[in-house]
Amino acid sequence: MKKLLSILMLLVAIVIGAQADYKDLSFTATKKVLDGGEIWNSSSTNVAAANTAGWCSKNTNSSNNKYGDVTPSLRGDVVEETSFKIDGVLVKGGNIPTNLTTSKKALVVKFTNAESVTVYGATTSGTSSDNAAVRISVYNVTDGAAVVTNQMSTYASPNHTAYTTVSSLDATKTYIFCVDGGFKNNSTTNQDVVLYAVKFTNSSESKTIPTITTNPTSKSYIVGDEAVALTVAATAAAGGDLSYQWYSNTDGDTTAKEGDKIDGATENSYTPSTESAGKKYYYCVVTEAGADEPAISNAATIQVIDAIKTNTTITFSSAGASSNAVEIGSGASLNDLQSDESVDDLSFTTDDYKRIRFGGKYSSSNNGRYVTFTVSGACHITVYGKSNSSGSKRHINIGTTLGTSLAELSESDGYSIIASEYDYTGSEATPIYLFPLDTDYYLYAVKVTFGNTRSYTATIAGIGKATFSAPYNVEVPAGVKAYVGTNKGTSVTLTEIEGDVIPANTGVIIEGSAGSYTFNETDESASATSDFIATSGNPVTAPANAYILGTKTVDETTTAVFKPAGSSLLIPSFKAYMISAANQDAIEITFDSATAINSITSNVSAVGAKKYVKDGKLVIENNGAKFNAAGAQVK
């Protein structure tokens, strides 16, 4: 008996510190509840509360013992006065023990001040002939008395909850209640048990406690958002007046603590702060005049997210990320390798830009190789980066869950930084994760734009022309003309687009004075046909017979032409190219019906003629008269 008492007292030390009180317990998939108050969160941690409940873990020395797994099992049942429209907890069966000294894990609750305990549960499978049952054991810790055991027969039906009551307990004693598995037919057959609730009774004592009828609701916000007030409602047990006091903490413990009291929060509602990012738990203690004890509400979780709400570009430097909404995983590190390069509308210089180096590919066993940030809703994301190898393609994945890819971005190599794009279409705030798919990847910047505000800044060089394309319809900015192209074989003819809108994924040539121009996304519809092939939001490795925009100089006059792209050239995003089998060093560009100028026509004398570009068109001037290549006089 002394040995048994010693073992049981050791168990008491494991299920830390009971108080002289009891409350009913109910179970959900994520928490176990005492009258609405959360008492523990983990299958491996015992937490002291009004009762102490937890998973009592003993050293396992038998491979047949299968205790400890806890998974939800949905029920919708009514037993006695208790309704089960919640999840239960699943206690895995194993060899049926004779007492708690058997190596296993079992659900253990230590309680005082109860004359009986009723257990609600069910087995998970079988037939009526299996005579399945749940085993319940109660130990008198105060006296070290023998085990009281009840077997709750459920006739192996997982569709109906059964219950059993262990009665004739001494309310002055302390007990340990244990659900240590189930069995069918005999005590050696494994049987899983679904546990739903434990109810304690004491007929000799009836305490008056107000009843919480409405608990505060958990919610997530973005920093600076206006929060909805948390509200609690209660009914009096003895007809007394009700008073309220709100508390907050960071662990969800609903035991009222003076240090967690919120000054001035003495109404039945309270509006939490969203000024800074973080997670807090809020609950309300409702006191009734003349009642024996106060009632404590559930703890509502308020998560405040430091999210990107407006258009921004996240860049990385030796000091970290430019936005405090960005988290860099432990497997990714800031690196001193710099780049002096222009990509689309961003310039990466050795003075102010550095990279994030992932140092390998992401795997579930190494989840530190990522960069994450939270966006407040639908947005367009542009990722700038490159491979660590000049000869190997590398990718980076984007997803709203770490390790789960929504899109594979940027087939990049180490020659240059490229831009890849992704549209997040969700309406709610969500984390965005960037993680490498292949091996090492260098990340330079992330651009986030919200709403119908995507834009791209293109540069027109000294020749007055550039190729352009976008993955969305864009407006042609002031001072710029845009042309689609028709491939004539040995030449390409340009036709100005109508409506000043460049359709999505349409290759064009833009024309204007040297400088940078912003092309803003537009909802205005547009359509056009062009023989120029768009790269849009992703770079393209030049295929065979590809021609890209270049220049040609004749008689000290430089004009724009298309030239062979060369093998394996990476054509940047937001550009265009064309395919031609002409096998020429240069494909001339003409406008509308004009042909390339190979000679001066009959009404223009070659002697003293001058050639120059006016408004993007080649013009021949002789004796003050101006003519195009077709021989028509122009002003």
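For the single chain, residues carry numbers from 1 onward in sequence order.
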Verify, without hydrogens or angle tests, whether [X] (side chain) and [Y] (backbone) share a donor-acceptor contact under 3.5 angstrom.
X	Y	result
Ser530	Gly485	yes
Asn397	Pro436	no
Asn473	Glu524	yes
Ser469	Gly507	no
Ser297	Cys284	yes
Lys563	Thr551	yes

Problem set entry | Closest contact, heavy atoms only, Ala458 versus Phe519 | CB-CE1, 3.9 Å
Seminar exercise, completed: Nearest heavy-atom contact between Gly385 and Tyr444 is CA-CD1, 4.1 Å
Exercise. Between Phe358 and Tyr442, is a ring pair (Phe, Tyr, Trp, His ring centres under 6.0 Å) present by the stated rule, with each step listed?
Worked result: CA-CA 7 Å; Phe358 287 100; Tyr442 302 153; 9.2 Å; no
Exercise. Can you say whether the rings of Phe562 and Phe532 are parallel (under 30°), tilted (30 to 60°) or perpendicular (over 60°)?
Worked result: parallel
For this session: Taking atom CG of Asn583 as the centre, report whether more than 12 heavy atoms of other residues, nucleotides or ligands fall under 6.0 Å from it.
Result: no
For this session: Answer yes or no: are there more than 12 heavy-atom neighbours, outside Glu267 itself, under 6.0 Å from its atom CD?
Result: no
Approximate separation, where rounding is to 0.5 Å, of [X] [atom1] and [Y] [atom2]:
X	Y	atom1	atom2	result
Ile587	Ser491	CD1	OG	8.5 Å
Tyr281	Asp251	OH	CG	8.0 Å
Tyr577	Leu549	OH	CG	15.0 Å
Phe435	His395	CZ	NE2	13.0 Å

Exercise. Just checking, any donor-acceptor pair under 3.5 angstrom between side chains of Thr590 and Thr493?
Worked result: yes
For this session: Taking atom types as modelled, find out whether Thr457 and Thr518 have a side-chain donor-acceptor pair closer than 3.5 angstrom.
Result: yes
Exercise. What about the rings of Tyr456 and Phe574, do their centers lie closer together than 6.0 Å?
Worked result: yes
Problem set entry | The single option from Leu406, Val375, Thr372 passing side-chain contact (heavy atoms from CB on, under 4.5 Å) against Thr400 | Leu406
State plainly whether the residues [X] and [Y] are in salt-bridge range, i.e. N to O under 4.0 Å.
X	Y	value
Lys465	Glu511	yes
Asp440	Arg357	yes
Asp260	Lys280	no

